[in-house]
Amino acid sequence: MQYWLVKQEPEDFSWADLLREKAVTWDGVRNYQARNNLRAMLLGDKVLFYHSVSDKRVMGVAKVGREAFPDPSASEADRDRWSAVELEPLASLPTPVSLAQIKAEAGLSEIALVRHSRLSVMPLTEEAFLLILKMGGWNDNKETIDS
DNA sequence: GCCAACGTTGGC
DNA sequence: GCCAACGTTGGC
């Protein structure tokens with residue numbers, strides 16, 4: 001099991017949109033580091049969904065529903081250069097976790113969300129992932145989210 | 001709205 | 001291959 005965080009401006013595609021649509025093709029990533037992270041995702045990996053810019057909060061947990069495939073939003077010539085995955089919603093955080101809270105938490109000072117604010121797809125350690133869940137009011141143990 | 005950080009492009 | 005110019009992202 002690996003853990004990730006993806007960012008999206010809620011005006012473009014929000015957590016509520018994902019809950020409504022039940023699945024989304026996560027395409028349009030045009031940064032190599034982010035793309036490499038997409039390609040490393042495995043079926044069932046857990047993905048925190050973060051609202052950037054206007055909201056700046058972690059909203060919920062999704063899972064990888066399909067591993068990397070050629071990005072359908074890329075031009076024919078670039079189809080193999082860029083990748084997409086599918087994400088499915090798992091659960092909303094009882095209380096979304098703000099960027100300010102994350103920055104104030106010593107245990108999260110090393111995560112890419114803080115250190116590399118422009119990266120849109122990033123890995124998280126299990127510790128960081130579970131800590132953010134806890135900060136979001138997720139009181140159960142990790143087996144709950146795994147089931 | 002501003003600007004820092006960063007990635008990409010293209011001239012040389 | 002270097003680097004200046006430029007575009008984009010995203011926090012503030």
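Every heavy atom of this structure was used, including side-chain atoms; hydrogens, water molecules and symmetry mates were not.
Distance A/E9 CD to C/dT8 P: 13 Å, rounded to the nearest Å. Counting to the nearest Å, the P atom of C/dT9 and the OH atom of A/Y50 are 15 Å from each other. Atom pair A/E11:CD and C/dT9:C1' shows a separation of 14 Å (rounding to whole Å applied). Going from atom CG of A/D55 over to atom P of C/dG11 covers 11 Å, rounded to whole Å. In this structure, CZ of A/R118 is placed 10 Å from C1' of B/dT8, rounded to the nearest angstrom. Whole-Å rounding puts the A/L99 CG to C/dG11 C1' distance at 8 Å. Between A/R30 atom CZ and C/dT8 atom C1' the separation is 14 Å, expressed in whole Å. In this structure, NE2 of A/H51 is placed 15 Å from C1' of C/dG10, rounded to the nearest angstrom.
When side chains are defined from C-beta on, A/V47 does not count as touching A/L90, because their heavy atoms never get closer than 4.5 Å. Using a 4.5 Å heavy-atom cutoff, the side chains of A/I102 and A/V97 are in contact.
For C/dC12, the OP1/OP2 oxygens have a side-chain nitrogen or oxygen of A/K103 closer than 4.0 Å. Residue A/Y32 places none of its side-chain N or O atoms closer than 4.0 Å to OP1 or OP2 of B/dC6. Between A/K7 and the phosphate of C/dG10, there is a side-chain N or O to OP1/OP2 separation shorter than 4.0 Å.
Between A/D71 and A/V29, the shortest heavy-atom contact is OD2-N, 4.1 Å.
In this structure, of C/dG10, B/dC6, C/dG11, it is B/dC6 that holds the atom nearest to the side chain of A/H116.
Here the side chain of A/H51 pairs a donor or acceptor atom with the backbone of A/W15 at under 3.5 angstrom.
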